[in-house]
Amino acid sequence: MTHQLVPFSQFVLKVHSRCDLACDHCYVYEHADTSWRGRPRAISEPVLARTAERIAEHARTHRLPAVHVVLHGGEPLLAGPRLLRRAAELLRAALPPGCELDLRIHTNGVRLDRAFCALFDELDIKVGISLDGDAAANDRHRRFADGRSSHAKVLAAVALLRSPEFRHLYAGLLCTIDVANDPIAVYEALRALEPPRIDFLLPHATWDQPPKRPAELGEHPYAHWLLAIHRRWEQQGRPFPVRTFDSVHRTLHGGASLTEALGLDPADLVVIETDGSFEQADSLKTAYDGAPATGFDVFTDTLDEVARHPGMQARQSGLAGLNATCRACPVVRSCGGGLFAHRWRTGAGFDNPSVFCGDLMRLITTIRDRIAPTATAPLGGPSTEQSGTEQPGTEQPGTELPGTDRLGPDQLGQLARGHGDAATVAALAAGQLDLTRRLLAAVGRQAGEAWQLLTELDATAPAAVDAVLAHPYVRSWAVGLLRAEPGDPAAEPDTLAEIAAAALIRAGRDAELPVPVRGGAIQLPTLGRVLVGGAGPAVLRGGADRFTVRSAAGVTRVVGFDQPTDPGWLPVRRLGFAGGWSVAVEDTDPQRDCHRWPAEQRLTEAALGDWTGALREAWELLLRDLPQYAAGIAAGLTTITPLRPGPGGRQLGSTARQAFGAVALARPRTAPDLALLLVREFQQVKLGAVVDFHDLYDRADRRLHPAPWAADPQSVAELFPGAYGRLAVTEFWGSRVAAYAGVGGEAAEHARERFRVERERTDRAIDTLLGSGSLTPLGERFAAGLRESLPDGGAEAPADRPLGADRPAPAGR
Ligand code: SF4
């Protein structure tokens, strides 16, 4: 196994090691580590210069597009303007071309005046201010050594930053939580200061020194404190980013956390002390004396060497670096075991859940439930948040995402073994439809008339709406829209009107709706394409057996479902096969062009005939030889999207992660080749639907492993679907071996060789997955299930039993 070195991109540069406040919750001076006593008060110019060279060297080595440096302390303003200027100048001068410097300073604010602001304006240094809330909240801890309040001085500093002259320097507020403070009072006091961002920080604590938990505040006071603010923040329309909440939201949707305190992303932060020592995260100062030390410094060691330090690697190893409790935890992808320092317990080290475990669990599960409307909610119904039905304390820690329980234990077992009968795949499809409904609810509410019509249809003709929402490319469109930046021309919000129009037609409802004309045509997902020419908008009117489109240019087209030869109407064509498989050949929807290779143009009738014949033959082969895959394909493979032929006749097959039910293919020369592509690609469709609801592996684990089928090593996130698909390929070749049983010749020999190679590759990949340390307990069950299904090696397939039928695990595994 290769441990991929994760380069640092965040650098905390201690420019002064003392402070002019005496906050009693400060981890630098009030916690276990006492290394500050032996450090120079201020950083020296030689240390600054060497630090700048080390960061630049690291940026060059790893071709970093940007580095983020925070000038920190103690109190960094105590370093004075001359040193702060030198820090900015040296850092900027050293960085290679093409590497941006994002330079910030985190200060308590009491010394921040116009002169400092002018300096930061000149040097482009953004300013973050530590402030714990209103006067009462802030004065609880943030006082001068003689007991005086710091609050007025900090407010004066923030006022300077809010002035038009310096507003662009204002980076945000950092607030350390004290549950004795009223959360809403704290939040509103901070909101009044118009922060560009707020970061709420849990107070540093360990299992040796647990956080205070006043009995009257219940079992999870930190969760309740944050959740009260989260509710207010949501009700106000998220007026500014809050790093904790944004990180939970992002990780719940599979994205990266914005803070080391949450998520499984590898830590990429290092600290440089005033004497040039490299240290791990400052928060470790709370664990034990000397905990953050690495033994490296800027004069003798590169940052690559620091990145290989065991402590750094432990903070970068994601799921594999967590204790067993966290590894099995349903919210581990969002929580990540909390901040590394908060796991410390004398005797057990860091191999524990966070001391804030219960709070983190409550926080994440409640936010998850707040932002995910229930699976059965109608499209236009109130979200959980808006309905106001949720009461504090009703959240169920550990509950799964809506839709998960659609799979029974037996169905999950079938999927773990790489297969899945019709009911199992139908349950996956139902879960996917729920997901699409939730996504549409997120993107649709702003869509006015189209959204209103869609929600009305959902109440009166839900089957028509479901038929459209089950179209694979509805979800891929919605995800693209959610991910698009404002103004992104690729976002196409008008597609919602097309979806509503298709549902209107399916419902046979007599109503009108404006629809966009793009490329001279109106797209109706699942139905087809109406050619009207010109540009939109047009007006579509539904009806019982026909619909009418009136374009802006005055063209009126009446489409009757009994007139399939109308040259202005390009319907989606469906093919039906024995055994109940019905599949659409999608060659009209522009959204289909989201696969790895370009989509084919509209098929001619002759080309469609070729596809029909090839699919029929391939399907008959699957029904006969691979029934353990055919049943699932019949239930879930709804759409074939033809691709343009690959170069040199290369066989192309592709799935899109957000397009459940679709497989895109360039038609291969033979029916067995087509059958092979169908089973291999549909494995990706099934597995993608499983991982939407279940964690099989640590998604943030970037370590690379040898991949038996590729020259380059792959992450577990790539190996897992690879092995899942290869099982089907192995079983396919096993079926060919069985088909050629007793027959000699080149084809039989080829099948035997392919079977041997694919079986061996799959076996090795399963070994690698099981040894990766990255699998969740369910992921381990899947890997073991794949092994169970892997046909016996060396033997030709018994003729009386379909290859891949479930069997006991071979002895010794
Ligand atoms: S909630 Fe607790 S058990 Fe779950 S990952 Fe976080 S610290 Fe670990």
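Atoms within each ligand, like the ligands themselves, are counted from 1 in listed order. All residue numbers refer to positions in the sequence shown, counting from 1. What you see below is based on every heavy atom in this structure, not just the backbone, and it leaves out hydrogens, waters and symmetry mates.
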Taking only heavy atoms of Ser354 into account, list the atoms of ligand 1 that are under 4.0 Å away from them.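 Checking each atom against Ser354, I get 7 (S).
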At a 4.0 Å threshold, what atoms of ligand 1 neighbour a non-hydrogen atom of Cys335?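 Selected atoms, number and element: 1 (S), 5 (S), 6 (Fe), 7 (S).
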Are a donor atom and an acceptor atom from the side chains of Glu718 and Ser715 found within less than 3.5 Å of each other?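 Yes - a donor-acceptor pair under 3.5 Å links their side chains.
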Do the ring planes of [X] and [Y] sit parallel (below 30°), tilted (30 to 60°) or perpendicular (above 60°)?
{"X": "His249", "Y": "Trp233", "answer": "tilted"}
{"X": "His58", "Y": "Phe11", "answer": "perpendicular"}
{"X": "Phe245", "Y": "Phe200", "answer": "tilted"}
{"X": "His309", "Y": "Phe296", "answer": "perpendicular"}

I need the nearest protein heavy-atom contact for atom 4 (Fe) of ligand 1: residue, atom name and distance, please.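 Closest protein heavy atom to atom 4 (Fe) of ligand 1: Cys329 SG, 2.4 Å.
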Report the nearest protein non-hydrogen atom to atom 2 (Fe) of ligand 1: residue, atom name, distance rounded to 0.1 Å.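 The closest heavy atom on the protein side is Cys357 SG, 2.4 Å.
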Would you kindly specify which portion of Cys326 sits under 4.0 Å from ligand 1, judged on non-hydrogen atoms: side chain, backbone, both or neither?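 Both parts.
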